[in-house]
Each structure stands twice: as structure tokens, then as C-alpha cells.
A.B. asks: 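If you scroll down you'll find the structure; I have some questions about it.
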Amino acid sequence: MILYDGPAQILGMATIGLVVWIRLVVETLGRTRFWLNITPPLLAASYFQIWSATQHARQNMTGPMVTDLANLVFLLFTLLLIRSAVSARRQRWLKTHQEISLSAQKAREAHKIAVLAEELAGSGHFRLGVQEETATFSRGIDEIYGFNLREGEASAQDILDLYGEGPRARLMQLIAGSIRDRRPGQVELRCRLRDGRERIVLTQVSPELNSSGEVSAILGVSMDVTEARSREAALAESEARLRLLADHVTDVVLWVSAGGRILYASPSVERLGHNSEAMVGQALADYIPPADHGAALLLLNQVFENEADSSDLRAEFRFVNRRTGAEEVWMEGFARAVRDPAGTPRSTVLNFRDVTRRRELEEDLRQAKIRAEAAANAKGEFLANMSHEVRTPLTGVIGFSTLLSQTPDLPAQAETLVRRVLASGEALLTVVNDILEFSKLEAGQLELTPAPFPIRDFLDDVVGLFSAQAESKGLQLEVKVDPGAPLHLLADRARLRQVLINLLGNAIKFTDQGWIRVAASYDENRSELRVSVTDTGVGISSDSLDRLFQRFTQADGSISRRYGGTGLGLSICRQLTELMGGGIGVVSTPGAGSSFTFTIRAPTVSHAEIAATPPAQATLAGGTFRILLVDDLEVNRELVRALLGAAGDAGMKVDEAASGPEAISMAVSTTYDLILMDLQMPGMDGFAASRAIRRLSAENATTPIIALSANVLAEHIEEAEQAGMSDHVDKPIVPARLFAVLNRWAGVRVASPSGTTSTAALP
């Protein structure tokens with residue numbers, strides 16, 4: 001066989017290598033495919049070189065054999081180089097592919113984030129190509145300007161058409177300026193969307209430069225700021241109002257931290273000579289006198305210690321005043337805590353009001369009250385003295401006139417004169433009683449003493465008091481009680497009698513002909529007694545009705561001149577009926593008469609309560625007892641003796657004392673069953689005498705002492721009780737009242753000074 005050695009063989013192997021290289025480069029894509037493609041030519045070439053080397057060895061051709069082996073080594077080395085180059089290329093290609101994929105994924109994620117950010121921020125972005133004159137808008141731009149993507153993407157012209165001529169020009173100037181100056185810019189413009197809504201859009205632009213430094217495009221972001229601007233406008237308006245209030249409010253408003261530092265001071269502090277800005281950061285205590293630090297600290301502690309907010313945290317203390325002549329002004333402070341979300345107080349707002357003038361007025365009022373109380377005390381003392389001075393002679397006038405009128409076989413003319421004297425005395429007593437009664441009502445010293453009483457008998461008795469007066473004027477008196485009214489009621493009989501007597505007295509006074517009717521009914525649901533007094537008298541004009549029940553007021557001045565009176569009677573009636581839980585009113589026609597109606601609260605009473613009520617007595621009960629009569633006036637002692645003598649009790653012995661010391665001397669040596677004590681006596685009054693008898697006389701320490709005095713005010717009665725007296729009988733003396741008191745205390749021993757009580761009969 002002829003073998004081809006030398007250059008021809010090398011050329012052949014190179015040709016085979018080139019073919020293999022081209023096949024590898026063009027077709028090799030992976031490791032498996034590489035070996036599938038390279039194995040056949042590799043095996044063929046290797047076999048040929050091995051076979052050629054073997055033949056040359058057999059022929060002892062060393063040179064060609066070496067060449068064959070060298071070709072085989074060259075072939076294998078070339079194969080390894082090709083494989084290494086292909087693997088490196090493959091790795092670079094895979095890495096580049098992965099980087100491209102990762103970059104694309106990041107771009108997609110960034111796009112999603114950008115779209116989400118646009119949706120959350122209500123913004124959108126756009127890109128305007130300068131050279132290619134293109135415009136690209138994000139979905140956020142379409143949403144801002146109200147374009148629907150299903151209708152197609154909006155163009156730049158569509159967006160510009162939404163702006164008016166002026167805003168559109170400003171937007172174009174912004175873009176042109178950014179291209180010209182290569183600087184970012186922004187503008188806020190109003191536009192009107194296609195559905196008619198007006199929006200405010202903030203547009204920001206920035207130039208995009210190419211490699212040569214020229215502006216290749218404009219990048220922009222648009223944001224709908226309509227709601228934000230509305231909130232800012234509302235906030236600005238609110239702040240303006242608050243600032244207006246803070247600047248013009250007259251109260252001083254301070255915002256103070258928990259440490260007592262001022263965080264804010266209203267401009268109103270300038271009225272006190274302080275600068276509001278300079279006060280910020282200063283301690284509140286620097287503006288308060290040291291004497292009032294405690295009050296201010298207490299107020300702050302209340303704010304920061306209370307768990308719940310309170311609106312009644314207030315205090316008054318002084319502030320340093322640097323403007324006016326006064327060094328300090330009084331301020332009333334109201335505090336309210338400022339709390340964090342957890343409810344913990346962190347600071348407080350204090351509202352201070354200048355109360356200097358109010359405190360001055362309060363001090364003036366306090367002084368005026370002191371003067372008024374002094375005047376009231378003086379008035380009370382004057383009334384007490386006048387009452388005593390008037391009642392004392394009236395005691396003799398009325399008492400002796402009463403005794404004289406009871407004298408048998410009295411001449412008719414003398415009887416008439418006595419009756420007139422008695423009527424005059426009783427009229428004067430009525431005036432005095434009205435004044436004192438009104439004084440008691442005004443001072444709130446009148447107390448009710450309700451007790452059971454028969455309503456029908458009561459009305460008959462009261463009306464019977466006026467039968468003689470009515471008969472003398474030719475008037476008819478009637479009493480009408482509703483058949484459904486209860487037989488007995490619980491009320492203050494004396495006060496009810498006082499109201500009814502006043503109304504009947506006026507009715508007879510102002511009625512010259514006709515009749516007078518007293519009607520009574522009862523409302524069980526309201527436990528209310530209703531009584532009306534109707535007459536056919538002169539009547540009252542409508543313009544006088546409103547002031548009829550006012551004190552010191554009568555229907556007109558002529559009534560006072562014609563009929564007399566103090567003008568207190570109806571005022572007292574009004575106050576008494578209101579005190580008894582009712583009221584009083586009047587219906588009247590001038591010339592046709594009047595009808596006064598009053599109501600009082602009067603519950604019904606049971607038979608047991610009626611049986612427990614002792615009957616009133618106008619005479620003394622039988623029995624033997626000794627009385628000590630103490631009075632500095634002989635005429636009063638004579639009158640009491642006469643009244644007791646007229647009672648016809650032969651078993652009664654009366655001893656007399658003209659002064660307090662004399663009464664004490666007699667009480668120490670003699671045991672009495674009853675002591676009648678005058679209160680106002682020269683030297684030692686009845687109060688001191690009663691206390692001395694209780695203390696010094698073992699025999700009369702438990703003897704009932706009855707005040708018999710013209711001092712009838714509430715404080716006098718209370719003082720008499722504190723002095724150890726058991727009861728009180730007013731002057732002028734009403735015999736029935738005197739006998740009732742004597743019957744109540746006859747045979748009774750009262751509590752001794754040591755607190756023990758005798759075993760004698762109880763009242």
C-alpha cells in the first residue's frame with residue numbers, strides 16, 4: 001500500500017481539523033451534542049493515524065511514524081482547545097441570557113411598583129420625545145385626566161384641550177423652559193375634565209440628556225392635588241379663625257406643659273404688660289405672686305392627677321400686671337388637660353378671665369350685706385321695741401275694755417263706748433300684728449303648726465266673728481261647704497284663720513250692700529282645700545289686680561284714704577297660702593264685687609288623730625294651784641288678776657313680783673305650780689330671772705315658766721325657750737289663749753336642770 005506522508009498528510013489533517021472546527025462552531029450547542037458530532041471524525045482520524053504509524057513501523061520508517069504520531073497528538077490537542085473555547089463561549093452566552101432575563105424581570109417588577117405607586121399617590125408619568133416628537137403616557141395620566149383606556153389612549157393634544165387658554169400657555173412655557181434651561185420645573189394648574197369636574201393638577205418636568213449633552217426628551221410626573229389643596233384651604237381658614245379669636249379674645253389663654261412651662265400665650269396678655277412670644281418657655285410661676293403659688297400649683301396638680309377630664313377645674317389667683325397702676329390683677333382660671341392617644345395628660349390649656357372688678361363688687365356686696373344685716377338687726381330691734389311699746393298699753397286697753405264689756409247691768413251708752421274702745425284697740429292690734437307677721441314672713445321665721453280640726457265648725461266660727469259687723473251694714477253672710485268635703489283636716493288652723501279673717505274683713509269693709517259668701521270644697525286627689533270669699537262690693541279694676549298682692553300696695557290711693565289699712569293684709573295672705581302649699585287669686589269686676597280664692601294643702605285625718613287632739617278650753621280647769629305673776633307694770637298684773645278672777649276659780653292663789661330679783665327671792669322660798677314671767681323688765685329681764693330660778697330654786701327648778709310678754713318675735717320666743725321657759729302667751733292677752741296655756745301646764749313638772757323629770761302628771 002502506498003502511504004502518503006509528509007506535507008500532504010499534514011495538509012489533509014489540517015483540512016479535516018478545519019471541517020471539524022466549522023461543524024463544532026456552527027452546530028455544537030451542548031456537551032452531549034458536541035461528542036455526538038465530534039466522535040465519528042475523531043475516530044476516523046485517530047484510526048488513520050494509528051494505522052499509518054503501524055505501517056511505517058513495520059517498514060522501519062521512523063520519520064513517517066513519528067509524523068503520524070505527531071499528527072495524532074496534534075489532532076487530540078486541537079480537539080481539547082476547541083472544546084475549551086466552545087465551553088467558555090457557552091458559559092458567556094448562558095450568563096448573558098440570565099442577566100437579560102433578570103433585568104427584564106426587574107423591569108417588569110419596577111413597572112408594577114411604579115404603576116402601584118401612581119395609583120396610591122394619584123399620580124402618573126409621561127415622556128415627551130424632543131427629536132422624534134413622541135409622547136408616552138402612563139395609565140395614571142389617563143386616570144388623572146379622566147380618560148378611559150377602552151376608548152383608546154389619550155394624546156398630548158387631548159390633555160392640553162382640558163386646560164384653558166392661560167393654564168395651557170403656562171404648561172407649554174414650563175416644558176419649553178425645561179428644554180431651554182436644562183433644568184427641572186413644576187407648575188400647578190386648574191383644568192376641567194370632560195365630565196365637568198374641575199381639578200387641580202401639579203405637573204413636574206425634568207430634562208433627559210443624551211450622550212452629547214443635548215435634551216433628548218422631557219420626563220414628567222403629574223399629580224391630582226385637588227383634595228389636598230381643599231384640605232389645606234380648610235386648614236388655613238380654620239387656623240385663620242383660631243388666630244383671629246386668639247388675637248382678639250379678651251381672656252388670657254395659656255398652654256402649659258406638665259412641668260409648668262408656658263408653651264403658648266395668647267396676645268391678650270399684652271393687656272397685662274407682657275409679651276406673648278417672650279412668655280413662651282418661661283415658668284408660669286414667674287407671672288404669679290408667691291403668695292398665690294399654692295393655688296396655681298393645686299390647679300395644675302388637679303389637671304395632671306385626674307384620670308378623667310373634668311370641666312370644673314378652676315381656681316382664682318393673682319397675676320403680675322406691668323401695665324396699669326395696680327401691681328396685680330385677680331384672674332379666674334379654668335383648666336382642661338391635653339391628652340395623648342393613651343389618655344395620659346401631657347399638657348393643659350388654661351383660660352384666665354380678669355375677675356378683679358367682680359371681686360371688688362363681691363367685696364362691696366359683702367360690705368353691703370353686713371350693712372344690710374346690721375340694718376335688718378336694727379329694724380328687728382326697732383320692731384321688737386315698737387311692738388312691746390304698743391302692745392304693752394294695748395294690753396290694758398283691750399283687757400280692761402273686755403272686762404268692762406262683761407260687766408253686768410252696764411248702761412247702754414257706756415256699753416257702746418266700751419265696744420268702740422275695744423274695736424279701736426283691736427284695729428290697732430291688727431295693724432301691729434300685720435307688720436310683725438310680715439316681718440316674720442320676710443325673714444323666713446314663720447313655722448307652721450298643723451293639727452286636726454273640723455272644717456265646717458271652723459268656718460262657722462270664723463264667719464261668726466263678723467256677724468255683728470255684717471248685720472250693722474245690712475249684709476247677708478253665707479257659709480257653703482261642699483257635701484263631699486271631709487269632716488276633719490290637718491292644717492295650721494291659726495294661719496288658715498288669719499287668711500280667712502283678712503279676706504272677710506276686706507269683704508265687709510268694701511261691701512256696702514248685698515251679700516258675702518264663703519264657699520269651701522276639697523280635692524281628694526291633690527289633698528287640697530279650696531276656699532273662696534265672694535262679695536258684691538266695689539270691685540277692683542283690671543289694671544290694679546296685678547299689684548294687689550304686693551306689699552304696701554292697695555287697689556288705689558283713695559281706698560287707703562277712705563277705708564284705711566296698711567296694704568299688708570293681702571301680701572301676708574299670699575305668703576301664708578304659699579307657705580301652706582297653695583296659693584291665692586282674685587277675679588273682680590269694678591262695681592260688681594270680687595271673688596278671692598285660695599288653696600292650701602290639707603290632708604285628711606283619721607278618727608284616732610282626732611281623738612288624740614285635746615279640746616280647746618276658754619276657762620280654767622278645776623283644781624287648787626299657786627301662781628307667781630311677774631311683771632314690772634302694776635296695770636298688767638291687775639289685768640291678769642282680773643282675768644283669772646273672772647274665770648271664777650276659788651282654788652287659785654296668785655302671788656305678784658314687780659321685778660326679776662323679787663321673783664327669784666319669792667321662788668327660792670315658795671313652791672309654785674306655775675310662773676307667769678314678763679320678759680322686758682328694767683334691771684333684770686325675764687330671761688335672766690328664769691335662768692336664775694332654774695339654777696337657784698330647788699323648789700321651782702321643774703315648775704313650768706310661761707312667758708307673758710309683748711315681745712312676740714321668733715327670736716324672743718326662741719330665747720325664752722333657751723332660758724328654760726315652757727310656753728309663751730302674747731300681749732295683748734287673749735283670755736282663751738291664756739286659759740289654754742294654764743290648763744296645759746297645770747299640775748305638770750318640767751325637765752330639771754340635771755335632766756331628770758318629775759313623776760307628776762303630764763300635759
Side-chain angles (χ1 to χ4, degrees), residues 430 433-463 465 479-507 517-534 545-553 567-588 594-614 616 712-715 717-718 730:
T430 300
N433 287 337
D434 281 350
I435 295 175
L436 292 179
E437 196 76 6
F438 180 78
S439 177
K440 293 179 183 179
L441 288 169
E442 288 293 298
Q445 298 174 342
L446 191 65
E447 296 182 359
L448 300 177
T449 55
F453 70 96
I455 182 62
R456 288 176 174 82
D457 294 344
F458 168 77
L459 293 177
D460 289 337
D461 292 343
V462 175
V463 172
L465 296 175
V479 178
K480 183 178 180 182
V481 180
D482 185 37
L487 297 178
H488 293 80
L489 296 176
L490 181 66
D492 190 326
R493 178 173 181 170
R495 299 306 174 188
L496 180 60
R497 180 176 181 272
Q498 184 177 354
V499 173
L500 192 56
I501 285 177
N502 201 308
L503 296 180
L504 279 170
N506 286 343
R517 180 184 300 118
V518 177
S521 62
Y522 189 77
D523 187 342
E524 294 184 357
N525 295 328
R526 303 177 63 178
S527 299
E528 188 176 80
L529 174 65
R530 182 184 182 89
V531 180
S532 62
V533 178
T534 307
L545 292 178
D546 293 338
R547 64 176 186 271
L548 191 62
F549 295 99
Q550 298 177 6
R551 57 184 179 179
F552 306 111
T553 302
L568 290 175
L570 291 179
S571 175
I572 294 174
C573 289
R574 176 182 62 82
Q575 295 182 76
L576 286 176
T577 54
E578 291 176 354
L579 187 63
M580 290 187 285
I584 188 171
V586 61
V587 176
S588 181
S594 305
S595 179
F596 287 83
T597 303
F598 68 89
T599 59
I600 64 169
R601 182 173 177 79
T604 58
V605 293
S606 63
H607 293 289
E609 292 175 306
I610 298 172
T613 305
V712 295
L713 296 181
E715 56 265 27
I717 297 175
E718 182 179 358
D730 300 346

A.B. asks: Quick one: list whatever passes salt bridge (charged side-chain N to carboxylate O under 4.0 Å, His left out) with R456, sequence neighbours left out.
C.D. replies: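 R456 satisfies salt bridge (charged side-chain N to carboxylate O under 4.0 Å, His left out) with no residue once adjacent residues are dropped.
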A.B. asks: Which residue is it: V479, I455, V481? I am looking for the one with a side chain to side chain contact (heavy atoms under 4.5 Å, CB included) to D460.
C.D. replies: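 In the set V479, I455, V481, the residue that makes a side chain to side chain contact (heavy atoms under 4.5 Å, CB included) with D460 is V479.
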A.B. asks: If the condition is side-chain hydrogen bond (donor to acceptor under 3.5 Å, both in side chains), which residues does T534 pass it with, not counting sequence neighbours?
C.D. replies: S595
A.B. asks: May I ask you to test the N506-F596 pair for a side-chain heavy-atom distance under 4.5 Å?
C.D. replies: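 A side-chain contact is absent here, since even the closest heavy-atom pair is not under 4.5 Å.
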A.B. asks: What do the steps show when you test R526 against T599 for side-chain contact (heavy atoms from CB on, under 4.5 Å), and what is the final call?
C.D. replies: CA-CA 11 Å; R526 303 177 63 178; T599 59; over 6 Å; no
A.B. asks: The test is side-chain contact (heavy atoms from CB on, under 4.5 Å); show your working for V587 and T597 and say whether it passes.
C.D. replies: CA-CA 8 Å; V587 176; T597 303; over 6 Å; no
A.B. asks: D492 versus I600: any side-chain heavy-atom pair under 4.5 Å?
C.D. replies: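 Sidechains of I600 and D492: no contact.
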A.B. asks: With rounding to the nearest 0.5 Å, note down the distance linking CG in D457 to NE2 in H488.
C.D. replies: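 Output value for this atom pair is 7.5 Å.
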A.B. asks: List for me each residue that meets salt bridge (charged side-chain N to carboxylate O under 4.0 Å, His left out) alongside R530, sequence neighbours excluded, and say none if there are none.
C.D. replies: none
A.B. asks: Tell me, do V499 and C573 make a side-chain contact under 4.5 Å, heavy atoms counted?
C.D. replies: yes
A.B. asks: Please report the interatomic distance CG(D482) to CG(L529), rounded to the nearest 0.5 Å.
C.D. replies: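 Reported value, rounded in 0.5 Å steps: 11.0 Å.
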A.B. asks: Of all residues at least two apart in sequence or in a different chain, which pass the salt bridge (charged side-chain N to carboxylate O under 4.0 Å, His left out) check with E578?
C.D. replies: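 Here the qualifying residues are R574.
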A.B. asks: Can you tell me how far the CZ atom of F598 sits from the CG atom of L503, to the nearest 0.5 Å?
C.D. replies: 6.0 Å
A.B. asks: Looking at every non-hydrogen atom in both residues, tell me the closest pair between F453 and A491 and how far apart they are.
C.D. replies: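 Result for this residue pair: CE2-CB, 3.7 Å.
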A.B. asks: Give, for atom CG of L579 and atom CZ of R495, the distance between the pair rounded to the nearest 0.5 Å.
C.D. replies: 8.5 Å
A.B. asks: State which residues pass side-chain hydrogen bond (donor to acceptor under 3.5 Å, both in side chains) with R493; sequence neighbours excluded, sorted by chain then number.
C.D. replies: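 If we apply the side-chain hydrogen bond (donor to acceptor under 3.5 Å, both in side chains) test to R493, skipping adjacent residues, there are no hits.
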A.B. asks: Working to the nearest 0.5 Å, report the span between CG of L489 and CD of E528.
C.D. replies: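 Between L489 CG and E528 CD, I get 11.5 Å after rounding to 0.5 Å.
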A.B. asks: CZ of R497 to CG of L504: how many Å apart, nearest 0.5 Å?
C.D. replies: 11.0 Å
A.B. asks: Under the side chain to side chain donor-acceptor pair (under 3.5 Å) rule, what pairs show up with a residue in residues 579-588, not counting sequence neighbours?
C.D. replies: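 For residues 579-588: S588-S594.
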